[in-house]
There are 2 protein chains.
Amino acid sequence: MAKRAPSRRIGIADVAKQAGVSHATVSRVMNGNFSVAADIAERVRQAAADLKYQPNSVGRSLALGKTDTIGVVVPDLENPTFQAILRGVSRAAARDGYRVLIADSSEVSSEEAILAGEARRRCDGVILCAPRMADADLRDLAPALHPLVLINRSTPVEDTPCLSADYGQGIQDLAAHLVARGHRRLVFLAGPEPSASNRLRVRGLELFMEQHPAVELQTVPGGVSFAAGHEAVDAILASGATGVLAFNDLVAMGLLSALHERGISVPGQLSVTGFDDIPFARYTTPTLTTAAVPITELGEMAWQRMSAVLRGDEDVVLGTVIQPEVILRGSTGPAPS
Amino acid sequence: MAKRAPSRRIGIADVAKQAGVSHATVSRVMNGNFSVAADIAERVRQAAADLKYQPNSVGRSLALGKTDTIGVVVPDLENPTFQAILRGVSRAAARDGYRVLIADSSEVSSEEAILAGEARRRCDGVILCAPRMADADLRDLAPALHPLVLINRSTPVEDTPCLSADYGQGIQDLAAHLVARGHRRLVFLAGPEPSASNRLRVRGLELFMEQHPAVELQTVPGGVSFAAGHEAVDAILASGATGVLAFNDLVAMGLLSALHERGISVPGQLSVTGFDDIPFARYTTPTLTTAAVPITELGEMAWQRMSAVLRGDEDVVLGTVIQPEVILRGSTGPAPS
DNA sequence: TTGAAAGCGCTAACAC
DNA sequence: GTGTTAGCGCTTTCAA
């Protein structure tokens, strides 16, 4: 037996008693079931209002077998990309009456599986952003998580919608832009080695190089943050490149800031590109050339897929790849002669 | 009767049957109750593993009368301030085994009350950031939301912990800094009229002006975003002021960007201050002088308060005011002579 | 130490 | 149209 609460919250039974009807009738009224006589319905509504009745959604969830909540697992709530995904999911889900439970793995990827499972137990489904989780782990985990939607994974998982941006194409487009402006020595300021989205960029650049044998490309280890870009400045300058392809906007901004401190002119001496087009990219000095990934929309689309699965749609789109769009701004220019 | 699901999820009953014990025993084992014989416990664990049993947390919540989840209501998931609060709450709550449900009112303040109530029904408590909600509405709402923790409200509400930053003092400190550098004509690039935190800044500036009769202060309408700051540039220039106190960092950055486009030198011709010290503030050009509000910590503290209330602590701290700290960077300098 | 049974708050099938 | 009742999956009291 559950706790004998001394002063329970108002429940459906209290309203039923107050209105002099059965609790089934109260339930009907609360759910807008019209098979209740108008006068009785009114009496029930009055009683509910008098008692300030708030339906208990846990009871409701148990009876209905659904929570109207989905979990979103992100590696880092501090990263604008994941904030944007979360925002997109949250808004789209809210329009359909669903709420979002957040699970932030704080970049501890060993936690992701646990968090995701935990989230799934409380929710009707989970949207998983786990860019660094090993493919094998993901495949093991997936069945227990279903309904599951994946974001930014290249791994196809059976019966699991997956949304991602074409980082490979985006970085090629940026490289092409630099080459068109006369740059022949490029450097890739890389993201985390194990990250799927970094691998896609690397692969894209490999393809690009095959088609542009005259271009030279180096790689400098970077990271995902301002600080990573800031710290990489020496290695970038040492590379002798005239064009820098940064892993993302954050890294590019850190680099821009360090270059400014060193008195290096951008794009006069060095052109720099970012990736993502975070809101701040248009406010840096100089403004940042980047490949825009409509990441909030990607979050919204993730909800569409989840919603389709929850509705039991027969043919949910499984693979979705969004094409980034190159945005030319002030941080790139012709190669110095 | 609930839906006759054709293929239910594995429940405690399945594990009980498989292990040849009652479901009460399974429950005891799953909850680490030691009053179960070691061999039986092992058998149960084995059965649970075989069946890949995942305890259903809705059932658990109903029996226990708690969800181990708290709701966080924010006006805008796009705003770095609220992202940081959310992050602070989420991480602190996670450490105590609680999860966070997000409710984004998308700046529609009429939605806040509904969202908050809705969140409360699904959660054990709610942390409310509703800077524009009218005091009276908040007081009406509070009892139904309890346990409730308020963020950035100056309204005291009975029995409700409230955390806020001392925006009034922070803006005075920034103004003092400008005056110390010789500025005599200041302009406040204001936030939203009805926002409590804007009113605190206004009040702070009034106090400041009383103590500095030689200083002239104008007010220009602004907003909360980049765009607002960017658009205000003409009004700012028209004011003839040499020092600008922007409502927050975002607004300051938008203004900085517009000033850069106009070729106005900062801080040579105009000094600009922000507020909040968002992560990007140290990477603008020039870097932004601002008043740092440790907002993630504020989120963490909000969880501490909530946690205390949930534990039934007798004397929870109700009012907490965090002092912003002025961070001097490159966007402010001596008044032009 | 274990099982039977009640109850958490709600929905819905069924009978009237 | 409305009430009775079973059941969602779990915890916990009580009795054995």
Side-chain angles (χ1 to χ4, degrees), chain A residues 1-45 47-48 51-69 120-124, chain B residues 1-44 47-48 51-68 120-124:
Chain A
M1 184 199 306
K3 179 182 67 191
R4 290 245 133 267
S7 84
R8 283 177 20 267
R9 252 183 126 71
I10 303 296
I12 203 172
D14 304 282
V15 178
K17 196 193 308 176
Q18 170 96 357
V21 297
S22 75
H23 61 270
T25 297
V26 177
S27 173
R28 290 185 187 106
V29 173
M30 300 315 286
N31 291 297
N33 186 324
F34 290 112
S35 75
V36 177
D39 56 331
I40 301 238
E42 188 43 47
R43 219 162 71 214
V44 169
R45 267 188 283 272
L51 298 171
K52 296 191 200 306
Y53 167 65
Q54 306 264 98
N56 174 318
S57 69
V58 177
R60 186 160 207 276
S61 290
L62 188 59
L64 254 28
K66 65 194 205 98
T67 61
D68 291 348
T69 302
R120 177 60 185 86
R121 263 173 266 144
R122 299 160 117 97
C123 300
D124 297 345
Chain B
M1 188 199 304
K3 178 182 68 193
R4 287 246 136 267
S7 85
R8 284 176 18 267
R9 249 182 129 72
I10 303 295
I12 203 172
D14 304 281
V15 178
K17 197 193 307 176
Q18 168 96 355
V21 296
S22 74
H23 64 271
T25 298
V26 176
S27 172
R28 290 185 186 105
V29 174
M30 300 314 287
N31 292 297
N33 185 326
F34 291 111
S35 75
V36 177
D39 56 331
I40 300 236
E42 188 43 45
R43 218 163 72 215
V44 169
L51 297 171
K52 297 192 199 305
Y53 168 65
Q54 306 264 99
N56 173 318
S57 70
V58 177
R60 186 160 209 277
S61 291
L62 187 59
L64 255 28
K66 67 196 204 96
T67 61
D68 291 347
R120 177 61 185 85
R121 265 172 265 145
R122 298 161 117 97
C123 299
D124 297 343

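Computation of the quantities below employed the complete heavy-atom set of this structure, encompassing side-chain atoms and omitting hydrogens, waters and symmetry-equivalent molecules. Letters A, B, ... are given to chains in the order of the sequence lines, protein chains preceding strands, and every chain is numbered from 1. Everything numeric here is computed off the predicted structure, so don't read it as measured data.
Residue B:Arg60 has no polar side-chain atom (N or O) positioned under 4.0 Å from OP1 or OP2 of D:dG9. Of the side-chain N and O atoms in A:Asn56, none sit less than 4.0 angstrom from OP1 or OP2 of C:dC8.
Under the side chain to side chain contact (heavy atoms under 4.5 Å, CB included) criterion, A:Asp68 pairs with A:Lys66, A:Tyr98, A:Asp124, B:Arg122, not counting sequence neighbours. Listed by chain and residue number, B:Asn31, B:Leu64 satisfy the side chain to side chain contact (heavy atoms under 4.5 Å, CB included) test with B:Arg60 (two or more places apart in sequence, or in another chain). The side chain to side chain contact (heavy atoms under 4.5 Å, CB included) test applied to A:Arg43 returns A:Val21, A:Ile40, not counting sequence neighbours.
Defining each end axis of the helix from C:dT1-D:dA16 to C:dC16-D:dG1 as the rotation carrying four pairs' C1' atoms onto the next four, with five pairs an end, the two axes are found to diverge by 40° to 10 degrees.
Using a 4.0 Å heavy-atom cutoff across all strands shown, B:Phe34 reaches no nucleic acid atom at all.
Checked against C:dC10, D:dC10, C:dG9, the side chain of A:Leu62 finds its nearest nucleotide in C:dG9. Distances from the side chain of B:Val21 to the nucleotides C:dG7, C:dG3, C:dT11 place C:dG3 closest. Here the nucleotide nearest the side chain of A:Leu64, chosen from C:dC10, C:dT11, D:dG9, is C:dT11. Checked against D:dT2, C:dT2, D:dT12, the side chain of B:Ser35 finds its nearest nucleotide in C:dT2.
As a whole-Å value, the separation of A:Arg43 CZ from D:dG1 P is 16 Å. Taking atom NZ of B:Lys17 as the reference point, atom C1' of C:dT2 lies 20 Å away to the nearest angstrom.
For the pair B:Tyr53 and B:Ile12, the tightest heavy-atom approach, listed with the atom from each and the gap, is CE1-N, 3.6 Å. In terms of heavy-atom proximity, B:Ser22 sits nearest to B:Ala16 at C-CB, 3.7 Å. Across all non-hydrogen atoms, the minimal contact from A:Cys123 to A:Thr69 is CB-O, 3.2 Å.
Residues of residues 22-30 of chain B that place a heavy atom closer than 4.0 Å to DNA chain D, in numerical order, are B:His23, B:Ala24, B:Ser27, B:Arg28.
Contact of the B:Gln18 side chain with the B:Leu51 side chain is registered, since non-hydrogen atoms from C-beta on lie closer than 4.5 Å.
The list of salt bridge (charged side-chain N to carboxylate O under 4.0 Å, His left out) pairs with a residue in residues 32-42 of chain B, not counting sequence neighbours, reads B:Glu42-B:Arg45.
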